[in-house]
Peer 1: 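Please find one structure pasted underneath; my questions will follow.
Side chains are part of it too, since the values below use all heavy atoms of this structure and drop only hydrogens, waters and symmetry mates. Indexing begins at 1, ligand by ligand and atom by atom, following the structure's order. One-based numbering along the sequence shown.
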Amino acid sequence: MKEKENVRQRAVGILTSGGDAPGMNAAIRAVTRAAIVAGFKVYGIMRGYKGLITDEIQQFSTQNVSNIIQRGGTILKTARCKEFTTPEGRQCAYDVLQRHGIDCLVVIGGDGSLTGARIFANEFNFQVVGLPGTIDNDLYGTDSTIGYDTALNTIMDCVDKIRDTATSHERLFFIEVMGRDAGFLALNGAIAAGAEAAIIPEIATQVEQLDELIANGFRKSKNSSIVLVAESPQTGGAMGLAERVKQKYPDYDVRVTILGHLQRGGSPTAFDRILASRMGAAAVDALLDDQRNVMVGIKNDEIVYVPFTKAIKNDKPINSELMNTLRRLSI
Ligand code: F6P
């Protein structure tokens, strides 16, 4: 651990931005405490980039982050901020940071938030470190993002419950899960809940394979069938697929459930709390090492630092072994 001696009094601002994710609070706590131990002043910035522009900033002590590790959501609140996408908005944010004497930022968020961070850091030569906070798990260079494991467990619990009613009525259910343009939640949720199929944007042929599954008689040896669908224009969403199936196979009793924002809530799992704590502490190490424009990631249980350009621009691949496993086990 890096200690106080070789550090001038520096000041770090922390913000959460974009869609909230369970474990963001654990990350805020970890950054605050590790930074205070390292001799930084810590500032909590409210409502993401919005609060940075409107100067909603307060100094944090260790007490500000007491009793939050177990709470979902984010005590800093969050927003999607249009103004920060403009040069004027970013200039305003920079001026506010200067006024508070804040010389570095930790941004906790997903792809859009880290894109904003990268532009800002380059424009003003400002030190920014990112933490991957999103349930979508769609950031390249990290095996997991903060919130993903909790959302996956929520999906699994919901699908378990839907299966009870699906079985009683011998129905086919299309269950839509979040992920924006990524299929990690749908695919792993399907494996965890023992679903018959997952329709994800990364694998275009899945929709045709669904036809195949249905033509072969989904229900021959089963009294319910569950298909997880990733929300995305590419998959057509659960509603679109259900309509298609109803028209083509009128014998099937089809229902749709869209899990929606409940996937973003709830107390974080132990995995997400530990991940967020490790990543938060690692973000402070990165600040001390004068790293900039990097996202903290985890690879094979080791902390890694991924340049923003790589984390944001590269598409994180789906492991084909997972899809094969799902197919082999859904007979
Ligand atoms: O990025 C997280 C996420 O939950 C996506 O899975 C989803 O598409 C999106 O945010 C929903 O955003 P909002 O809460 O702004 O509707």
Peer 1: Measure across A230 and A182 and return the closest heavy-atom pair with its distance rounded to 0.1 Å.
Peer 2: CB-O, 4.2 Å
Peer 1: Does the plane of the ring in F184 sit parallel, tilted or perpendicular to the ring in Y148? Use 30° and 60° as the thresholds.
Peer 2: perpendicular
Peer 1: Specify the protein heavy atom at minimum distance from atom 9 (C) of ligand 1: its residue, its atom name, and the distance to 0.1 Å.
Peer 2: R180 NH2, 3.5 Å
Peer 1: Over all heavy atoms of both residues, which pair between I53 and C81 is shortest? Give the atoms and the distance, please.
Peer 2: CD1-SG, 4.1 Å
Peer 1: Among residues at least two apart in sequence or on other chains, which ones pass side-chain hydrogen bond (donor to acceptor under 3.5 Å, both in side chains) with S168?
Peer 2: none
Peer 1: Which residue and non-hydrogen atom of the protein lie closest to atom 4 (O) of ligand 1, and at what distance in Å?
Peer 2: R264 NH1, 2.8 Å
Peer 1: If you measure from atom 2 (C) of ligand 1 to every heavy atom of D111, V177, D136, which option wins on shortest distance?
Peer 2: D136
Peer 1: Examine M178 against ligand 1 and note whether any of their N/O atoms are separated by less than 3.5 Å.
Peer 2: no
Peer 1: Which residue owns the protein heavy atom closest to atom 7 (C) of ligand 1, what's the atom, and how far is it?
Peer 2: E231 OE2, 3.2 Å
Peer 1: Please list the nearest protein heavy atom to atom 12 (O) of ligand 1 with its residue and the distance rounded to 0.1 Å.
Peer 2: R80 NH2, 2.9 Å
Peer 1: Would you mind checking which non-hydrogen protein atom is closest to atom 16 (O) of ligand 1, with the distance to 0.1 Å?
Peer 2: H261 NE2, 3.5 Å
Peer 1: Which of the numbered atoms in ligand 1 are under 4.0 angstrom from any heavy atom belonging to G179?
Peer 2: 6 (O)
Peer 1: Are M46 and L97 linked, directly or through other ILVMFWY residues, by side chains that come within less than 4.5 angstrom of each other?
Peer 2: no
Peer 1: Do the ring planes of F124 and Y94 sit parallel (below 30°), tilted (30 to 60°) or perpendicular (above 60°)?
Peer 2: parallel
